[in-house]
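Note sheet for the following structure.
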Amino acid sequence: MPIFEPHIHMFSRITDDYERLSLAGVRAVLEPAFWLGQPRTSVGSFVDYFETLIGWERHRAQQFGIHHFCTMALNPREANDDRVNKDVLAILPRYCEKDSCLGVGEIGLDDQTKAEETFMAAQLELARKHSLPALVHTPHRDKKKGFERCIAIVRDCNFPMERVLLDHGNEETIKITRDLGCWSGFSIYPNTKMDPARMTSIVLEYGVERMVINSAADWGVSDPMMVPRTVVKLEQAGVARDRIDQLVWHNPIAFFAQSGRLDEAMLAQPARANLRETFDGNSVLRGQDPDKV
Amino acid sequence: MKPSTLDDLAARLGAEALGTLQPAAAGIQADRARLAVVFPGLPRKVGREPVRGGVTALGPGRLDLDAFRRCDLAAAWLLLTTAATEAELLDLYAHGDIEERAMLLRTLPVLPVAAVTTRLFGEVQRSNIVLHLEAGVCDSDLFARAVGHAGFDPAAANRLLLKLAFLDLPLRRVFDAGRHANPELSRMLIDLATEREAAGRPVWRDTWRLIGAAPCPGAVARLVGGLEHGDDGVRLAAAEGLLALARTDLAPFAAERLPREPRGDVRAVLQRLAR
């Protein structure tokens, strides 16, 4: 079963993860621009990071037959940092027009401050200008209130709900989002967020309409294999194969295809994997013979 | 009368594409920062389909339209219309993804040769992305027109052709590059060939053509030896290299090979050599 992993931070993962993902059926990944674990001190760091997302990281994914896409944004946490927030907003338009950019994200709320709200609204406007959907990060603390606040900001901005993916949901938030018309994302992340068994219960209760699952794997204690693991749990729980296929393939494609930049026919084939090709002279092989890898 | 480059590009792009491009150009002229936003979207807006039309005079030189896409011509139209500066072109390259960079490099044959041409040749020289070497150097006469301009002296041109050999792209795709053959380039190519042979790897076939056009020490032996090579393409290149060498004293080698040569195209060259 092909899988579209709609939220994974491969920038923070090792090359072996790409191989494991590929072997588990992951055909495409979407990497939202995010917080790198410590504050950046200048806009130049964002420029380099954004260009990694459209350059080296795409190349690295392709070496394992995986199509790589991204969303671009100033993340909620650094929206609070006056050293960078305005400058990052100013450089985002050019990156929103990159071919592999399928949305604006992760935007949203973290600590639920006024600055986060201001930059979330500004970036919803950015998404509107570039005809892109929005990937919204919801807070880990005081989550239910944060979800409701995110929804209120989307409404205040008059941004179309069907072009919004509210991510990092759980058993509580699905009750809020299921009738809104937006998309609901669930991050299957060890020890926090969701786990495969709880996700299975949600699918059994609510179905899979306008729902996606992801690993949100990053530099923390996380597991890029969480979507394939959840697929196994869903199968074992008797969820029909076409429902699982909708959840892990058709749904994320349908959401991000709203960008007008995602060609499902192109995804039918693995990305072109040519281990002899380099990116600006750099190779994932680090000197190894491509015929022996 | 020959149409202006802009008129020629406009005619090839058609009214629908111009309907998209003209407002975009006006927006850029009003706000130069728009160029960086408009440029990446050109493939989506005007298409990636090949233009077709074969080798054609367009702008200051010639190019093979079969290798160009609609978005490449649109990019050239946009950059000419908005009189993009060198700094703007370098910024587009520096912050472009692989496809944008290829698109920008494809515009170079349509733009006048300038400092930015040789700067971007330098970028292509440092990159190992085959697509970018093709986009910058192949399928037009830009290389031949650029040789001698500031920043692209014969030594730099030699290095770029050596890169072509390194990445195994055919010489014929760089129009008129054969005219740049010189003994120093031949030496570089023979050294690369020796290195490749020692590693058990194939040698760039056009090596034999270029060393015949401008021999250096070792060239004659390689050319004669090439007539007995197991690769059909190498034998043809070696025969053509010997023809360029124009040494009547080597005719017996061609005559001796001729009755054993299975390929018609190689035999045709050997017959001219054996006369």
Side-chain angles (χ1 to χ4, degrees), chain A residues 31 43-44 46-63 67-70 72 87 89-102 126 129-132 257 259-263 266 271-272 274-285 289-291, chain B residues 20 24 27-28 31-49 69 71 74-75 78 88-105 120 122-134 136 163 166-169 199-202:
Chain A
E31 177 153 10
V43 68
F46 283 84
V47 169
D48 293 339
Y49 172 62
F50 294 158
E51 289 179 10
T52 299
L53 296 186
I54 60 167
W56 170 245
E57 211 49 61
R58 282 193 96 188
H59 171 80
R60 206 161 70 111
Q62 284 166 357
Q63 300 313 296
H67 299 278
H68 185 282
F69 304 99
C70 64
M72 293 287 185
D87 290 343
L89 195 62
I91 61 161
L92 277 169
R94 88 182 306 172
Y95 295 102
C96 286
E97 282 298 311
K98 301 296 183 185
D99 239 14
S100 60
C101 174
L102 305 185
L126 189 71
K129 271 189 186 158
H130 293 271
S131 303
L132 292 170
S259 65
R261 301 177 191 177
L262 190 57
D263 176 6
M266 180 264 284
R272 191 180 62 148
N274 180 358
L275 289 170
R276 290 189 187 280
E277 267 194 11
T278 60
F279 181 82
D280 268 4
N282 198 5
S283 156
V284 295
L285 297 176
D289 183 340
D291 295 329
Chain B
T20 302
I28 293 164
D31 173 10
R32 300 304 298 187
R34 291 286 306 157
L35 178 59
V37 179
V38 169
F39 196 78
L42 289 176
R44 296 191 298 275
K45 303 233 164 69
V46 300
R48 298 173 166 89
E49 302 79 28
R69 305 166 306 162
C71 55
L78 191 74
E88 286 171 333
L89 296 175
L90 292 174
D91 176 76
L92 288 177
Y93 189 85
H95 299 289
D97 64 18
I98 286 180
E99 183 167 23
E100 280 171 69
R101 288 182 178 190
M103 191 165 63
L104 180 66
L105 292 165
L120 290 178
E123 294 293 333
V124 165
Q125 172 78 27
R126 278 186 288 280
S127 168
N128 272 343
I129 297 177
V130 176
L131 177 66
H132 289 166
L133 188 66
E134 289 177 300
K163 186 87 173 192
F166 192 76
L167 294 177
D168 201 27
L169 289 169
R201 297 175 63 190

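Protein chains get the first letters and strands the later ones, always in sequence-line order, with residue 1 at the start of each.
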Answer whether the closest heavy-atom distance between the side chains of A/Met72 and A/Leu126 falls below 4.5 Å. no
Please enumerate all residues that pass side-chain hydrogen bond (donor to acceptor under 3.5 Å, both in side chains) together with B/Arg69, with sequence neighbours excluded. B/Asp72, B/Glu99
The interface call for A/Phe50 against chain B, heavy-atom contacts under 4.5 Å, is neither
By a 4.5 Å heavy-atom criterion (distance strictly below it), what part of B/Leu92 contacts chain A: side chain, backbone, both, or neither? both
Please test A/Glu51 against A/Trp56 for side chain to side chain contact (heavy atoms under 4.5 Å, CB included), starting from the C-alpha separation and ending with a verdict. CA-CA 8 Å; A/Glu51 289 179 10; A/Trp56 170 245; over 6 Å; no
Side chain, backbone, both or neither: which part of B/Glu100 has a non-hydrogen atom closer than 4.5 Å to chain A? side chain
Could you check whether A/His68 and A/Glu31, counting side-chain N and O atoms only, form a donor-acceptor pair closer than 3.5 Å? yes
